[in-house]
Colleague: 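Let me begin by handing over the structure; questions about it come next.
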Amino acid sequence: MLIIGSHISFSKGYEDMGKQAVELGANTFAFFTRNPRGGSIKALDVKDAKRFVEFAKENNFGKIVAHAPYTMNPCAQKEELRKFAKEAMAEDLSRMENIPGNYYNFHPGSHVGQGEKIGIEYIAELLNEVLKSDQSTTVLLETMAGKGTEIGKSFEQIQQILEKVELQDKIGVCMDTCHIWDAGYDIVEDLDGVLKQFDEIIGLYRLKAVHLNDSMNVRGSKKDRHAKIGEGMIGKETLVSVINHPLLKGLPFILETPNEIEGWKKEIKMLKEEYKEK
Ligand code: FE
Ligand code: FE
Ligand code: ZN
């Protein structure tokens, strides 16, 4: 079964997000754990989280992929910003235990001129402080486009972070198709080759989720501007190959395409139709 969904806004709570996902024809979704640009957090409704867990079971949901706010920079230069990132992630992860066993995705961050090495060090340090051996959530590092001083633009950089993490069974990777394309990986001409590289450098067992996006820019542009499926430089054919790839079977595919409800409904319907093994 194809596990597919889109971003949903966390306005009314978990159960409401689940219902919205079903309305879209989805069986997973992503949501921001807190205001994506600011960082403020909603009060937690434990009963709502419980109702959602039941709802997700009844509706055969795959794992959902929570997203940390953009403003969180785990490898910022200013100590107070790194402290915010650490505290926000710790609080988010403790909340995630109310909807156990799902994924929490974050952007590794931007080293802002301190250099990759220091950036990678800070990110690993943060993970080693925040991850707990008894948590049920797997934390995912997102592959990035390489805009500015972003860390995570190559599989090597992601691996360098991963190998410094002590609790190895609590971490994984979320691969964003727009980002790896913008970073230079040629998934249009050689999807197999890119996945082979991922496997050799990181290990495909680490890949837990995919952000399925087309890109407005050419390969290697380092831009990170998402396009609707089939309306960008990656194209529908490649993105359909992604959801059907034997090595990616069973992963949750999350659309972060520039759409509203109707657009996501259409994309989800189209991708379900293009999915080979029903
Ligand atoms: Fe992201
Ligand atoms: Fe993404
Ligand atoms: Zn992006």
Side-chain angles (χ1 to χ4, degrees), residues 7 9-10 30-42 65-96 103-132 135 137-168 170-176 178-180 182-184 201-202 206 208-209 211 213 217 221-226 254 256:
H7 245 282
S9 118
F10 192 2
F31 68 97
F32 285 111
T33 51
R34 53 183 70 221
N35 183 322
R37 308 209 178 271
S40 57
I41 194 163
K42 263 178 66 100
V65 190
H67 200 304
Y70 296 138
T71 43
M72 193 169 104
N73 186 4
C75 57
Q77 187 158 24
K78 291 197 182 115
E79 202 193 330
E80 74 225 55
L81 296 180
R82 294 200 304 277
K83 191 166 165 263
F84 166 74
K86 193 170 82 185
E87 288 170 0
M89 193 186 285
E91 188 182 17
D92 285 354
L93 287 177
S94 103
R95 279 180 168 229
M96 287 292 290
Y103 295 140
Y104 178 81
N105 171 76
F106 78 106
H107 294 180
S110 297
H111 67 68
V112 292
Q114 303 171 93
E116 284 172 25
K117 227 183 136 210
I118 291 178
I120 286 166
E121 207 60 65
Y122 278 145
I123 299 159
E125 212 175 277
L126 176 137
L127 287 169
N128 284 331
E129 284 179 59
V130 164
L131 298 180
K132 298 277 173 277
Q135 72 181 50
T137 305
T138 305
V139 173
L140 309 183
L141 290 144
E142 182 168 350
T143 60
M144 301 310 292
K147 194 172 42 153
T149 61
E150 266 173 0
I151 302 263
K153 62 179 176 185
S154 68
F155 298 158
E156 285 83 357
Q157 282 187 347
I158 297 275
Q159 176 58 20
Q160 282 164 29
I161 302 166
L162 289 170
E163 64 195 18
K164 290 188 164 62
V165 175
E166 283 150 24
L167 294 171
Q168 287 285 310
K170 304 299 178 196
I171 46 165
V173 178
C174 173
M175 186 175 81
D176 187 309
C178 167
H179 296 177
I180 59 171
D182 284 17
I201 297 165
I202 300 175
R206 289 267 194 225
K208 306 292 187 193
H211 284 170
N213 302 309
N217 290 287
S221 64
K222 310 271 191 296
K223 284 269 176 35
D224 188 2
R225 295 193 66 201
H226 302 189
I254 304 290
E256 298 175 310

Colleague: May I ask you to decide if Met175's main-chain N or O and Thr143's side chain share a donor-acceptor pair within less than 3.5 Å?
Modeller: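 No; judged by distance alone, with no hydrogens or angles, the pair does not exist.
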Colleague: Flag the pair Tyr122 / Ile118 as yes when at least one side-chain heavy-atom distance between them is below 4.5 Å, and no otherwise.
Modeller: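 When only atoms from C-beta onward are counted, Ile118 and Tyr122 do touch, with a gap below 4.5 Å.
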Colleague: Nearest heavy-atom pair of Phe10 and Phe32: which atoms, and what distance?
Modeller: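 Smallest heavy-atom distance, with atoms named: CD2-O, 3.7 Å.
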Colleague: Angle class for the His67/His211 ring planes (parallel below 30°, perpendicular above 60°, tilted otherwise)?
Modeller: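 Aromatic pair His67/His211 classed parallel.
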Colleague: Using every non-hydrogen atom in the two residues, find where Gly172 and Thr138 come nearest and quote the distance to one decimal.
Modeller: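 Between these two residues, the closest heavy atoms are N-CG2, 4.0 Å.
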Colleague: Checking Thr137 now: which residues fulfil side-chain contact (heavy atoms from CB on, under 4.5 Å) with it, not counting sequence neighbours?
Modeller: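 Residues passing side-chain contact (heavy atoms from CB on, under 4.5 Å) with Thr137: Leu93, Met96, Glu97, Tyr104, Gln135.
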Colleague: Residues two or more places apart in sequence or in another chain: which of them pass side-chain hydrogen bond (donor to acceptor under 3.5 Å, both in side chains) with Glu150?
Modeller: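 For Glu150 there are no side-chain hydrogen bond (donor to acceptor under 3.5 Å, both in side chains) partners, ignoring immediate neighbours.
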Colleague: Rounded to the nearest 0.5 Å, what separates atom CZ in Arg206 from atom CD1 in Ile201?
Modeller: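 Those atoms lie 14.0 Å apart.
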Colleague: Could you tell me which non-hydrogen atom of Leu167 sits nearest to which non-hydrogen atom of Lys132, and how far apart they are?
Modeller: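 Minimum heavy-atom separation between Leu167 and Lys132: CD1-C, 3.6 Å.
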Colleague: Throw together a table of side-chain donor-acceptor distances under 3.5 angstrom for residues 73-80, partners on residues two or more places apart or in other chains.
Modeller:
unit_1, atom_1, unit_2, atom_2, d
Asn73, OD1, Cys75, N, 3.1
Asn73, OD1, Ser110, N, 3.0
Asn73, ND2, Ser110, O, 3.0

Colleague: Report the distance from atom NE2 of His179 to atom SG of Cys174, rounding to the nearest 0.5 Å.
Modeller: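 Between His179 NE2 and Cys174 SG, I get 9.0 Å after rounding to 0.5 Å.
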Colleague: How far does CD of Glu87 sit from CG of Leu126, to the nearest 0.5 angstrom?
Modeller: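 It is 10.5 Å, given to the nearest 0.5 Å.
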Colleague: What are the two closest non-hydrogen atoms of Met144 and Pro108, and how far apart are they?
Modeller: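 Where Met144 meets Pro108 most closely, the heavy atoms are CG-CD, 3.8 Å.
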Colleague: Which residues pass the side-chain contact (heavy atoms from CB on, under 4.5 Å) test with Lys164, not counting sequence neighbours?
Modeller: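 So Lys164 forms a side-chain contact (heavy atoms from CB on, under 4.5 Å) with Ile120, Glu121, Ala124.
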Colleague: Quick check: do Asp176 and His226 have side-chain heavy atoms less than 4.5 Å from each other?
Modeller: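 With C-beta onward as the side chain, the pair touches.
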Colleague: Does the side chain of Met89 come within less than 4.5 Å of Leu127's, by heavy atoms?
Modeller: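 In contact.
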Colleague: What distance separates Ile202 CD1 from Glu156 CD, expressed to the nearest 0.5 Å?
Modeller: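 Output value for this atom pair is 8.0 Å.
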Colleague: Side-chain contact test, heavy atoms from C-beta onward, threshold under 4.5 Å: evaluate it for Asn128 versus Val165 and give yes or no.
Modeller: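 In short, these two side chains touch, coming nearer than 4.5 Å.
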Colleague: For Ile171 and Leu162, work out which heavy atoms get closest and say how close.
Modeller: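 Of all heavy-atom pairs spanning Ile171 and Leu162, the closest is CD1-CD2, 3.5 Å.
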Colleague: In Å, rounded to the nearest 0.5 Å, how long is the span from CD1 of Ile123 to CZ of Arg82?
Modeller: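 Between atom CD1 of Ile123 and atom CZ of Arg82 there are 11.0 Å.
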Colleague: Holding to side-chain contact (heavy atoms from CB on, under 4.5 Å), I want the full list of residues that pass it with Ile41, two or more places apart in sequence or in another chain.
Modeller: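 Partners of Ile41 under the side-chain contact (heavy atoms from CB on, under 4.5 Å) test: Arg34, Glu91, Asp92, Arg95.
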Colleague: Would you name the heavy atoms of Tyr103 and Lys208 that are closest together and state the gap between them?
Modeller: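 Shortest heavy-atom contact: CE1-O, 3.4 Å.
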Colleague: Decide if atom NZ of Lys42 counts as having more than 12 heavy atoms of other residues, nucleotides or ligands within a radius under 6.0 Å.
Modeller: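 Above 12, so yes.
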Colleague: Return the set of residues passing salt bridge (Lys or Arg N to Asp or Glu O under 4.0 Å) with Glu129 (not counting sequence neighbours), or none when no residue passes.
Modeller: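 Lys86.
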Colleague: Between Asp182 and Lys153, is there a side-chain heavy-atom distance shorter than 4.5 Å?
Modeller: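 Not touching, per the 4.5 Å side-chain cut-off.
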Colleague: Contact between Phe106 and Thr33 at the side-chain level, heavy atoms closer than 4.5 Å - yes or no?
Modeller: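 Side chain of Phe106 against side chain of Thr33, heavy atoms only: no contact under 4.5 Å found.
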Colleague: Could you check if a side-chain atom of Ile161 sits within less than 4.5 angstrom of a side-chain atom of Ile151, using non-hydrogen atoms only?
Modeller: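 Yes; the side chains approach each other to less than 4.5 Å.
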Colleague: Start with the C-alpha distance between Asn105 and His107, add both sets of side-chain angles, then the distance that settles side-chain hydrogen bond (donor to acceptor under 3.5 Å, both in side chains), and finish with yes or no.
Modeller: CA-CA 7 Å; Asn105 171 76; His107 294 180; 4.9 Å; no
